[in-house]
There are 2 protein chains.
Amino acid sequence: MEPLELIDDEPLDDVDSTPKLGRKRDHTRDAEILDATLDVLAEVGYDGMTIDMVASRAKAGKATVYRRWTSKAELVLDAVACMKSADIAGLEIPDTGTLRGDLIGLIKTPSIADGERKLQIIAGIASMLSRTPELADAANKAIIEPRAAVNRTVLQRAIDRGEIPADADLETLSLITPSMVAYRTLMLRKPVTREFLIGLIDTVVLPAAGVQAG
Amino acid sequence: MEPLELIDDEPLDDVDSTPKLGRKRDHTRDAEILDATLDVLAEVGYDGMTIDMVASRAKAGKATVYRRWTSKAELVLDAVACMKSADIAGLEIPDTGTLRGDLIGLIKTPSIADGERKLQIIAGIASMLSRTPELADAANKAIIEPRAAVNRTVLQRAIDRGEIPADADLETLSLITPSMVAYRTLMLRKPVTREFLIGLIDTVVLPAAGVQAG
DNA sequence: TCTATACGGAACTGTCAAGTTCCGGATATC
DNA sequence: GATATCCGGAACTTGACAGTTCCGTATAGA
């Protein structure tokens, strides 16, 4: 997803071709600032975040930030909407032939770390979600949905090969691990280990999906 | 749980007996202010909440609040810690003879409404949880833990009567519904209906507990 | 090299809320 | 009724941050 164009109205195909005059707006600079925004958001939350924090982390001036986004709210919305799914995007979905193998194959150390950062970001904007639907939608699309989609894919394949019943509730099943990981991280503040995830898969997800135990 | 004694150091048995002079500090006034705090917290979150909002909702002066709590942070911590479990407290745990019957018997409309308010409160303080462990602990003890404890009770009874395996993971099982309800409310912002809860019980909790489907 | 543009940084303004102080009025004890 | 205590309310002080403006500099195109 591209950053929302809040200032520029130049054609997209002009990005790397010859501009008329002076220096061109650098779109990678946008990304750096947005990423700094997410870092600060994860660390101190929306209200604890100041534009100065974001700017200095991105080695930018505050004026530079305001040249590109009209307000703090716009900056945060854009940052959440443009969030890259570092874990999902480059992640090939495993196809081991069994549901258990696929689910366990999805457990990756960088993916866990990335997931915890995203949960911190959600926690940082949680109080605004009920009053800012656009932000809630953006967070959903960028954070929750990709993760659930991957789970749905491996579950659907398990249905296709007859490993689990065809009427299995994919919507619910795909949300079990995200939900319980979120609770463990945010409320219990316990680390999400590989063992914890395997335990969840074996004692909750697989039985609920209809796989025989053992 | 009593409000933390941040100001008074009078003996507890003196509460309703003869004070020495003038008017006595009114402990129900504390409760009213704490409750107003929770209301505001649920509506606008920690950072959106001002002491003036709390005071005027409790028909109190700001000075009165500061006479009883030293800071906004202390007030909020105390409010969360003293939160009454309106749903759990007066709730007799059903004993229907089956795990499914007990779990479904625990679903009560007022309990759902009360639960959503509590989740709004959690959302309001979410961004502080990772930086204020005492607050996270208080929220967990006051909101999630009572609910999980009830689940553990009915699960233990199911073990005792041989309905589910004796080695069932009560810790995990008792957290399935709280986690998924929290996730649904806070992140998906979808309503928690009776149907949703029954679906969770039938497709996740019971299979994971080892009850035969159907 | 010249020039327009965007830059980082710093100084500035305006607002808003935390926390304090003060006061007139109620209320309970004596 | 006299008195001590706490009350609600309002007027403060203070500090922090959103957002703006300005300036000297760096860089890319002509």
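Everything numeric in this text was worked out from a predicted model, so none of it was measured. So that the names make sense, note that chain A is the first sequence line, chain B the second, and so on, each numbered from 1.
- Not a single side-chain contact (heavy atoms from CB on, under 4.5 Å) links A:A113 to another residue, sequence neighbours left out.
- Taking A:D137 as the reference, B:R189 meet the side-chain contact (heavy atoms from CB on, under 4.5 Å) condition, with sequence neighbours excluded.
- Contacts between residues 41-55 of chain A and DNA chain C, counted as heavy-atom distances below 4.0 Å, involve no residue at all.
- For C:dG8, one of the phosphate oxygens OP1 or OP2 lies less than 4.0 angstrom from a side-chain nitrogen or oxygen of A:T64.
- Rounded to a whole Å, the CZ atom of A:R29 is 9 Å from the C1' atom of C:dC7.
- The side chain of B:K62 has C:dG19 as its nearest neighbour among D:dG8, C:dA6, C:dG19.
- In plain terms, the two heavy atoms of B:L200 and B:T177 that are nearest each other are CD1-CG2, 3.6 Å.
- One can place NZ of A:K59 at 18 Å from C1' of D:dA26, the figure rounded to the nearest angstrom.
- In this structure, A:Y66 places its OH atom 12 Å from P of D:dC17, rounding to the nearest Å.
- Taking atom CZ of residue A:R57 and atom P of nucleotide C:dG8, one finds them 16 Å apart after rounding to whole Å.
- Applying the side-chain contact (heavy atoms from CB on, under 4.5 Å) test to A:V44 and every residue at least two apart in sequence or in another chain returns A:V40, A:M49, A:M53.
- With distances taken from any side-chain atom of A:A63 to the nucleotides D:dG19, C:dA10, D:dA11, the minimum falls on C:dA10.
- Applying the side-chain contact (heavy atoms from CB on, under 4.5 Å) rule to A:L188 yields the partners A:Y183, A:K190, B:N140; only residues at least two apart in sequence or on another chain are considered.
- For residues 123-132 of chain A, the set of pairs meeting the side chain to side chain donor-acceptor pair (under 3.5 Å) definition, not counting sequence neighbours, is empty.
- Between B:R68 atom CZ and D:dG8 atom C1' there is a gap of 12 Å when expressed in whole angstrom units.
- In this structure, of D:dC7, D:dT20, C:dG19, it is C:dG19 that holds the atom nearest to the side chain of B:K72.
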